[in-house]
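Presented below is the structure to which this report refers.
In this text, all values refer to a predicted model and were calculated from it rather than measured experimentally.
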Amino acid sequence: MPPHFTVTVSALLFLLLPFTTPTSFGVNWGTLSLHRLSPRTALNLLHRNRISKVKMFDSDPEVMQALAGSGIEVMVGIPNEELGSVAGSAEAADAWVKGKLVGFVGRNGVDVRYIAVGNEPFLTSYSGQYQSYVMPALLNLQQSLVKANLASYIKLVVPCNADAYGSSLPSQGAFRPELTTIMTQLASFLNSNGSPFVVNIYPFLSLYGNADFPQDYAFFEGTNHAVMDGSNVYYNAFDGNYDTLVAALNRIGYGQIPIVIGEIGWPTDGALSANLTAARVFNQGLVNHVLSGKGTPLRPGIPPVAVYLFSLLDEGAKSTLPGNFERHWGIFSFDGQAKYRLNLGLGNGLLKNARDVSYLPPRWCVVNPTKDLSTVANNLNLACSVADCTTLVYGGSCNAIGAKGNISYAFNSYYQVLKQNVQSCDFDGIGMVTFLDPSIRDCRFLVGISDSDASSSNYIDTPVFIAFWSLFAIVPMLV
């Protein structure tokens, strides 16, 4: 039997929020970048676009310092790898709250509203690795927040992946059998403490991973593949997925708990279905759909409490294990430039670019046209083991610019990561520096960010994030 929690007055009031408060949009702010904007520049970008909510995956002190006094509501995160520690010891939970929160919150401090305890810890691919840590971590952290007099303001949540539940029809939604008990415990905890259920929904991944998935059903523009569920009709994957969760929550007795969309978006590169047009159509359709206030068939007139788009910026150092698109989810490129026309419904019109970004000098590294390229494979291996070459894969924006163009792109990416170091464009004499922008159509040859704009940990200059796919997938295509 799941543990019993007393329902507080604040929790009861929270349950009324979906009925009285319109949905607000925020963004996920990840920092796994090869060219990291300074937190101050990123913060200015948020303000320019009137984005007042951010979700983070850790509690980076440099970012937290920048957010202090900003008026932006923040969800900080505890990585999955740290769950075991806070779950196993009340002292460890106290230390986390003291070290990661207490020094930053308060008057003129960071407006932390949520702590994300883990990130998709029930993901099927984890094979239950983090599952046993979740409830003990929540209970320890809750007590730590009480001791720090923060429990009435800062709420604990657990972002869940949509693979935690499923069914052929939304109304039949249920959590995976092995998760039923812990999901009941989690929902009870969230309900008792006035916290929402946070879920990450990705129609793109449904389309990417299933050749039979109807493409028009992934968007909000109408479909010839509507799902009939009794008297309810589903015209898009988001509503169907959302109501599958609602049905699963209802099945365990918590069908009215508020829901927050922790991650949702569409990538712009690295796969056939990942492009600027699709991303714009999906994200604008999502914004319009949610802000219409129509809700879904199982929650009519009750849209999500909040939606956090994934993501603010591209992150060129992310793992490509899920797919090469992983580095291209940003609504802004790495340097804060809007990728496409998007209105977030925040009263600010279309997206506005970051200001006062300090770039490196306008120069690029390309292939010397007079050199023999028969030995270029090792140079490509080096470049793509350090830099991001995911735009070169099939379906990527730079795939079709020709072999020499692909090699030049890889060389330049490496050159910019190494801050245009004079030796980084040598490549055994094959590379050369040019002052003419070699960008072709949608394939943008980037110029890096200078140290005057970047933070102290702004870029990665060692091949830690080796993209092994590049060594075997790209090189044969180019030589």
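- The CG atom of L32 lies 11.5 Å from the CG atom of L313; values are rounded to the nearest 0.5 Å.
- Between Y114 and V157, the closest heavy-atom pair is CD2-CG1, 3.8 Å.
- I182 has its side chain out of reach of F175: every pair of non-hydrogen atoms, C-beta onward, lies at least 4.5 Å apart.
- Between P267 and A279 the shortest heavy-atom distance is O-CB, 4.0 Å.
- Rounded to the nearest 0.5 Å, atoms CD (Q142) and OG (S192) are 9.5 Å apart.
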* What do the steps show when you test Y308 against V260 for side chain to side chain contact (heavy atoms under 4.5 Å, CB included), and what is the final call? -> CA-CA 8 Å; Y308 292 85; V260 165; 3.7 Å; yes
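- Atom CD1 of I154 sits about 11.0 Å away from atom CG of L141, to the nearest 0.5 Å.
- Among residues two or more places apart in sequence or in another chain, the ring pair (Phe, Tyr, Trp, His ring centres under 6.0 Å) test is passed with F238 by Y242.
- The aromatic rings of Y208 and F325 sit perpendicular to each other, their planes meeting at more than 60°, with 30° as the lower class boundary.
- For W329 and Y202, the gap between ring centers is short of 6.0 Å.
- L360 places a side-chain heavy atom less than 4.5 Å from the side chain of K419.
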* **Evaluation steps, side chain to side chain contact (heavy atoms under 4.5 Å, CB included), between F197 and M183** => CA-CA 10 Å; F197 191 100; M183 282 299 182; 4.2 Å; yes
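- Of the possible polar contacts, one joining the Q420 side chain to the P361 backbone as a donor-acceptor pair under 3.5 Å is found.
- No hydrogens or angles considered: a donor-acceptor pair under 3.5 Å links the side chains of D437 and S439.
- At distances below 3.5 Å, at least one donor-acceptor pair connects side-chain atoms of N193 with backbone N or O atoms of F189.
- When all heavy atoms are compared, the tightest approach of V287 to G345 is CG1-N, 4.2 Å.
- Side chain of R48 to main chain of A354: no donor-acceptor pair is present (N/O by atom type, distance under 3.5 Å, no hydrogens or angles).
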Please list every donor-acceptor pair under 3.5 Å in which a side-chain atom of residues 92-99 meets a protein atom from a residue at least two apart or in another chain.
unit_1: D94; atom_1: OD1; unit_2: S144; atom_2: OG; d: 2.6
unit_1: D94; atom_1: OD2; unit_2: K147; atom_2: NZ; d: 3.0

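- A distance of 11.0 Å separates OG of S311 from CZ of F332, quoted to the nearest 0.5 Å.
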* Between D269 and K339, does a salt bridge (charged side-chain N to carboxylate O under 4.0 Å, His left out) hold up when you go through it step by step? -> CA-CA 11 Å; D269 217 325; K339 294 186 188 177; over 6 Å; no
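- At distances below 3.5 Å, not a single donor-acceptor pair connects side-chain atoms of T244 with backbone N or O atoms of G166.
- Distance CG/D243 to CG/L298: 3.5 Å, rounded to 0.5 Å.
- Minimum interatomic distance between L34 and G316 (heavy atoms only, all atoms of both residues): CD1-O, 3.5 Å.
- Side-chain N or O atoms of S167 include none that pairs as donor or acceptor with a backbone N or O of A174 at under 3.5 Å.
- Judged by distance alone, the side chain of D163 and the main-chain N or O of T124 form a donor-acceptor pair under 3.5 Å.
- Judged by distance alone, the side chain of N44 and the main-chain N or O of R40 form no donor-acceptor pair under 3.5 Å.
- Judged by distance alone, with hydrogens and angles left aside, the side-chain atoms of E62 form no donor-acceptor pair with the main-chain N or O of D60 at under 3.5 Å.
- Here the side chains of T31 and M56 are not in contact, with every heavy-atom distance at 4.5 Å or above.
- Judged by distance alone, with hydrogens and angles left aside, the side-chain atoms of R327 form no donor-acceptor pair with the main-chain N or O of D388 at under 3.5 Å.
- Residues V281 and E221 form a side-chain contact, since some pair of their non-hydrogen atoms from C-beta on lies under 4.5 Å apart.
- Between L344 and L351 the shortest side-chain heavy-atom distance falls below 4.5 Å.
- The minimum heavy-atom distance between S70 and A66, with the atom names listed, is CB-O, 4.5 Å.
- Each of L309, V27, N119 was evaluated against E263; a single residue qualifies, N119, per the side-chain contact (heavy atoms from CB on, under 4.5 Å) test.
- S397 and D442 are not linked by any side-chain donor-acceptor pair at a separation below 3.5 angstrom, with hydrogens and angles left out of the test.
- To the nearest 0.5 Å, the span separating CZ on F122 from CD on Q131 amounts to 6.0 Å.
- N283 contributes no side-chain N or O that, together with a main-chain N or O of G265, makes up a donor-acceptor pair within less than 3.5 Å.
- Residue I72 is tested with V110, I51, L43, D111 for a side-chain contact (heavy atoms from CB on, under 4.5 Å); the sole match is L43.
- Between Y415 and N412, the closest side-chain pair of non-hydrogen atoms falls below 4.5 Å.
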* Worked check of side chain to side chain contact (heavy atoms under 4.5 Å, CB included) between K318 and H328 -> CA-CA 10 Å; K318 286 191 71 177; H328 305 282; over 6 Å; no
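- At least one side-chain heavy atom of I259 sits less than 4.5 Å from a side-chain heavy atom of V246.
- Of all heavy-atom pairs spanning Y414 and A387, the tightest one is N-CB, 3.5 Å.
- In the displayed structure, Y133 atom OH is contacted under 6.0 Å by at most 12 heavy atoms of other residues, nucleotides or ligands.
- Within a 6.0 Å radius of CZ in R176, other residues, nucleotides and ligands contribute more than 12 heavy atoms.
- Taking 4.5 Å as the limit, every side-chain heavy atom of L342 sits out of range of all side-chain heavy atoms of R280.
- Below 30°, between 30° and 60°, or above 60°: for H35 and F334 the angle between ring planes is between 30° and 60°, a tilted geometry.
- Side chain to side chain, Y340 and N275 fail the donor-acceptor criterion of an N or O pair below 3.5 Å.
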* **side chain to side chain donor-acceptor pair (under 3.5 Å) assessment of K55 paired with N28** => CA-CA 5 Å; K55 175 174 168 283; N28 285 267; 2.9 Å; yes
* To do: Check step by step if side chain to side chain contact (heavy atoms under 4.5 Å, CB included) holds for V54 and L312.
  => CA-CA 9 Å; V54 297; L312 178 64; 6.0 Å; no
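- Between F204 and F282, the distance from one ring center to the other does not fall under 6.0 angstrom.
- Checked for salt-bridge contact, D335 and R444 meet the test: a charged N lies under 4.0 Å from a carboxylate O.
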